[in-house]
Peer 1: 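One structure, as structure tokens, below. Some questions next.
We name chains A, B, ... by the order of the sequence lines, and we start the count at 1 in each one.
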Amino acid sequence: LSDDASLIAATLAGDTAAFGRLVGLYQDRLYKSQLRVLGSAEDARDVAQDAFVQAFVKLDTFRGSSAFYTWLYRIAFNLAMSHARRSHKTVSIDRAKAGCGSEPVDGQPTPEADLLRAERVEMVQAALAKLSDEYRQILVLREIEGCRYDAIAEILDLPVGTVRSRLFRARLQLRDQLAPQMPEERREEKIADTR
Amino acid sequence: MTEFESHSDIDDELLSAYLDDELSSEERARVAARIASDPAAKSLLDELRAASSKVQGLPREIVGHDLSESVLRRHARRLPAVVPYQLTRRAGPSRCRACQSAGPGAVGPGLPWRRPPD
């Protein structure tokens with residue numbers, strides 16, 4: 001058993017361990033996205049876990065017309081939106097890192113570089129947190145999940161044209177939120193280029 | 001916010017979709033011509049690309065532990081409330097055989113377990 005369909009069939013036939021393997025396959029991907037949507041490691045873990053439990057309960061309603069992960073993400077999306085409506089709390093990425101692993105984006109080894117990178121990550125996360133839920137969700141789907149517009153439309157239950165316009169507006173708002181950070185980075189890049 | 005679109009907004013939207021390679025060949029040619037002739041459009045495209053890459057460059061966080069055990073445990077706890085009722089009233093014996101295989105041992109103490117009909 002290796003692909004989603006086989007694991008789903010095995011689960012529905014009574015093999016609970018097969019669903020455990022589906023969890024193992026997708027838990028990090030789902031968690032990573034929910035962390036950026038919710039801004040909190042604890043909330044992201046809770047939503048991811050709740051989404052898997054709901055998916056297991058409703059697995060026999062999955063018809064396979066979309067990928068399993070798309071279906072799972074839609075469950076997580078609804079849970080995250082409910083969560084966001086209940087509580088708009090966010091935490092810094094430093095706090096979010098407590099209790100979870102992290103893979104660096106690049107290999108800069110020095111403490112100064114690590115600190116700079118951590119500051120930039122925090123600024124981007126803070127900028128995301130200032131966006132509306134709908135803008136943050138669509139950015140996460142496109143930039144982190146790498147979804148095509150038709151997949152985003154399916155998950156968010158929107159026309160593709162609305163996906164295009166909403167994504168554009170989300171990027172504009174993100175650009176505005178990040179504007180104070182951009183000139184500083186351009187200056188640093190120029191300094192690095194002259195060395 | 002309403003998503004009212006002026007003509008200019010729609011043109012700018014195409015820049016965003018251009019980044020994502022989500023345009024028809026006609027639209028793509030139109031955007032390419034605009035970028036070549038309009039410095040403001042080129043500048044906006046660069047800004048959108050930069051904002052986009054900031055999010056794409058966020059670290060790939062991982063959960064740090066296996067969620068499967070807790071997911072399966074929580075699912076098993078739902079058995080008394082969900083499975084017998086749905087099996088007998090709605091979907092028949094094919095619904096969620098995984099729940100059956102988890103068995104009464106997975107149910108919390110003191111909770112009634114009723115084997116669904118085969």
Peer 1: Pick from B/V55, B/D21, B/D66: which one has the most heavy-atom pairs with chain A under 4.5 Å?
Peer 2: B/V55

Peer 1: Within 45 degrees of the axis of the six-membered ring of B/Y18 and under 6.0 Å from its centre: does B/R28 put its NZ or CZ there?
Peer 2: yes

Peer 1: Name the region of A/R142, side chain, backbone, both or neither, that has any atom closer than 4.5 Å to a heavy atom of chain B.
Peer 2: side chain

Peer 1: Can you tell me which portion of A/L30 sits under 4.5 Å from chain B's heavy atoms? Options are side chain, backbone, both or neither.
Peer 2: neither

Peer 1: Is it the backbone or the side chain of B/L15 that comes under 4.5 Å from a heavy atom of chain A, or both, or neither?
Peer 2: neither

Peer 1: Verify, without hydrogens or angle tests, whether A/R175 (side chain) and B/L48 (backbone) share a donor-acceptor contact under 3.5 angstrom.
Peer 2: no

Peer 1: For the candidates A/D50, A/V163, A/I144, which exhibits the highest count of non-hydrogen atom pairs separated by less than 4.5 Å from chain B?
Peer 2: A/D50

Peer 1: Looking only at heavy atoms, what is the nearest atom pair of B/S16 and A/R171, with distance?
Peer 2: OG-NH1, 2.8 Å

Peer 1: Test side chain to side chain donor-acceptor pair (under 3.5 Å) on A/E154 and A/T70 and set out the steps.
Peer 2: CA-CA 8 Å; A/E154 185 183 344; A/T70 302; 5.5 Å; no

Peer 1: A/R166 and A/E134: salt bridge (charged side-chain N to carboxylate O under 4.0 Å, His left out), yes or no, with the steps?
Peer 2: CA-CA 8 Å; A/R166 186 177 292 179; A/E134 66 181 22; 3.7 Å; yes

